[in-house]
Amino acid sequence: MKRYVVGGAVRDRLLGLPVNDRDWVVVGSSPEAMLAAGYTPVGRDFPVFLHPQTHEEHALARTERKSGRGYHGFVFQAAPDVTIEEDLARRDLTINAIAEDPDSGALIDPYNGQRDLQQRVLRHVSDAFAEDPVRLLRLARFAARFAEFTVAPETLQLMRQMVAAGEVDELVPERVWQELSRGLMEARPDRLLQVLRDSGALARLLPEVDRLWGVPQPAAHHPEIDTGEHLLLVLRCAARLQTPLTVRYACLCHDLGKGTTPQEEWPRHIAHEARSVKLAQRVSDRWRVPTDCRELAELAAREHGNVHRSAELNAAALVRLFDRCDAWRRPQRFAELLLACECDARGRLGLEDQPYPQRPRLQQALDAARAVDTAAAAAQALAQGRNGPAIGQAVQQARTQAVRDSGLAT
């Protein structure tokens, strides 16, 4: 039995990056021998075991062949005579197909992964890449993580062939969301969209996003003009501000309605907010997006224009904004809305470093309104003989007055 460190641990060490987890491949063994050595079986689809001391994953060397459509359509063969080179052949990218002998430190690199690491290239190991559509998403995610890497021309061509063959259409929602969400959380989420768009996959997975390119916006507000380019800048800002996934997904969806604006109305986009909400709902339904991401995306799509214009709103209008956003019960979500709006405002060519005073101002106004003793305001209204809706109006008036007294609005 011989163990090798494989995949991301080897890649990241060669790149000088921290290595948090190690995956191992075991050559010359069997499930029975692994059990006898004290390993714990955890693999459902193929033999994977946990080391008895380190609990690191150890997979038996295996080969695979295509047996059907989609990423489920594979037959795996794990046997003692499968070599480390044969195991590496089934991997997606050359930079992930390097193994290291822990005893000698020697690298097994039959597909020139070290060369591609040095040249900063994402290249497929073999044409078997096209057999698993998840690999297309994974490559786009790696492009978002390693922004200085380019996609090899032959790999991009293979990805386009996969899209044309309908392989991407076989992906199930859970796997798509898993890769999209991880890609959005990388250092350059804009690269995720760029690679998906270059391959043609964006039009199949997120047509609502893909159609934003080529749609102009008023240059006075958007020096970058193109709505798709604006989205890329917004996502870059979201990563720069180290925002959570909820905010990044909201950024992805906030302007979808501009893609459906009739051309005769360009570059204006009247009522695009309402269209954006519906399209965000459609995207969330398709990929079974978690509730927290879904809700913030719809909120940002609906309200981002009002947040941008909030300096023009008086105290009563600000309280109505807080009402619509359920900010009384969901203050953290409102804070994330403000963060998404800041990304939108700063995701514009040449305006990346401009201040966004709306965010602290609205946060302070909400803090002032939430400090109101609503029970006392309601009790006072009752004492005055008011009831029903009039009590709610009294609370609203107290909150409005608190915002007015804060000096943040008239």
Side-chain angles (χ1 to χ4, degrees), residues 133 136-137 140-141 144 159-160 163 166 168-185 189-217 222 224-238 245-305 337 340-341 343-344 347:
L136 189 151
L137 290 173
R141 172 165 61 83
M159 294 165 69
R160 289 170 176 161
V163 173
V168 172
D169 303 326
E170 300 295 323
L171 287 165
V172 299
E174 291 80 7
R175 289 308 303 270
V176 172
W177 174 247
Q178 181 183 47
E179 294 298 331
L180 286 179
S181 61
R182 293 176 70 182
L184 287 173
M185 289 305 296
D190 55 304
R191 289 267 290 151
L192 173 80
L193 296 190
Q194 286 176 312
V195 170
L196 290 177
R197 183 166 180 262
D198 288 344
S199 69
L202 190 65
R204 307 300 286 267
L205 299 172
L206 295 167
E208 301 85 354
V209 175
D210 186 70
R211 68 168 67 106
L212 295 177
W213 273 267
V215 175
Q217 303 167 105
H222 289 275
E224 72 286 349
I225 299 178
D226 188 275
T227 307
E229 295 303 314
H230 166 60
L231 174 57
L232 298 181
L233 291 170
V234 172
L235 288 173
R236 290 191 69 169
C237 182
L245 176 60
T246 47
V247 171
R248 299 189 192 202
Y249 182 68
C251 289
L252 179 71
C253 297
H254 80 284
D255 263 351
L256 295 180
K258 291 182 178 179
T260 61
T261 300
Q263 289 192 25
E264 59 269 20
E265 296 181 12
W266 289 356
R268 300 182 67 198
H269 297 277
I270 300 169
H272 78 275
E273 294 89 351
R275 299 195 303 275
S276 296
V277 171
K278 293 181 179 179
L279 292 170
Q281 291 170 341
R282 184 183 303 173
V283 172
S284 297
D285 287 342
R286 181 184 310 131
W287 302 124
R288 300 179 189 171
V289 174
T291 301
D292 57 346
C293 291
R294 172 194 298 261
E295 289 181 349
L296 186 65
E298 293 172 17
L299 189 62
R302 188 183 76 227
E303 299 292 350
H304 67 274
L337 167 66
C341 290
C343 295
D344 178 32

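In this chain, numbering begins with 1 at the start of the sequence shown.
- Under the 3.5 Å distance criterion, the side-chain polar atoms of R294 are matched with a main-chain donor or acceptor of S284.
- Here the closest non-hydrogen pair linking G257 and S276 is N-OG, 2.7 Å.
- Nearest heavy-atom pair, L235 versus P189, reported as atom, atom and distance to 0.1 Å: O-CG, 3.5 Å.
- The side-chain heavy atoms of L192 and L137, taken from C-beta on, include no pair separated by under 4.5 Å.
- Side-chain atoms of R160 come within 3.5 Å of backbone N or O of D198 as a donor-acceptor pair.
- When side chains are defined from C-beta on, L206 does not count as touching V176, because their heavy atoms never get closer than 4.5 Å.
- At distances below 3.5 Å, not a single donor-acceptor pair connects side-chain atoms of T246 with backbone N or O atoms of D292.
- A donor-acceptor distance shorter than 3.5 angstrom exists from the side chain of H269 to the backbone of P267, with no hydrogens or angles considered.
- Of all non-hydrogen atoms in G183 and A144, the two that sit nearest each other are O-CB, 3.9 Å.
- Between L202 atom CG and R211 atom CZ the span is 11.0 Å, to the nearest 0.5 Å.
- The two residues L279 and L256 have their closest heavy-atom pair at CD1-O, 3.4 Å.
- Between L212 atom CG and Q217 atom CD the span is 8.5 Å, to the nearest 0.5 Å.
- Side chain of W177 to main chain of P290: no donor-acceptor pair is present (N/O by atom type, distance under 3.5 Å, no hydrogens or angles).
- Among R286, R275, K278, the one residue that satisfies the side-chain hydrogen bond (donor to acceptor under 3.5 Å, both in side chains) test with E208 is R286.
- Side chain of D226 to backbone of E229: a donor-acceptor contact under 3.5 angstrom is found.
- When only modelled atom types and interatomic distance are considered, R175 and Q178 share a side-chain donor-acceptor pair under 3.5 Å.
- Contacts of E273 classified as side chain to side chain contact (heavy atoms under 4.5 Å, CB included), with partners at least two apart in sequence or in another chain: H304.
- Residues L252 and L193 have side chains in contact (heavy-atom distance under 4.5 Å, counting atoms from C-beta outward).
- H230 places a side-chain N or O within 3.5 Å of a backbone atom of G347 that can act as its donor or acceptor partner.
- The backbone N or O of T261 sits less than 3.5 Å from a side-chain atom of W266, completing a donor-acceptor pair.
- From E298, atom CD reaches atom CG of L296 across 10.0 Å, with rounding to the nearest 0.5 Å.
- Distance check: L136 CG to M159 CE gives 3.5 Å after rounding to the nearest 0.5 Å.
- A250 approaches A340 most closely through the heavy-atom pair CB-CB, 4.3 Å.
- Contact of the Y249 side chain with the L180 side chain is not registered, since no non-hydrogen atoms from C-beta on lie closer than 4.5 Å.
- Of the inter-residue distances, the one linking H222 atom NE2 with D255 atom CG reads 6.5 Å to the nearest 0.5 angstrom.
- Here the CD-SG distance, from Q281 to C253, works out to 10.5 Å after rounding to the nearest 0.5 Å.
- Annotation for V215 and K258: closest pair CG1-O, 3.5 Å, computed over non-hydrogen atoms.
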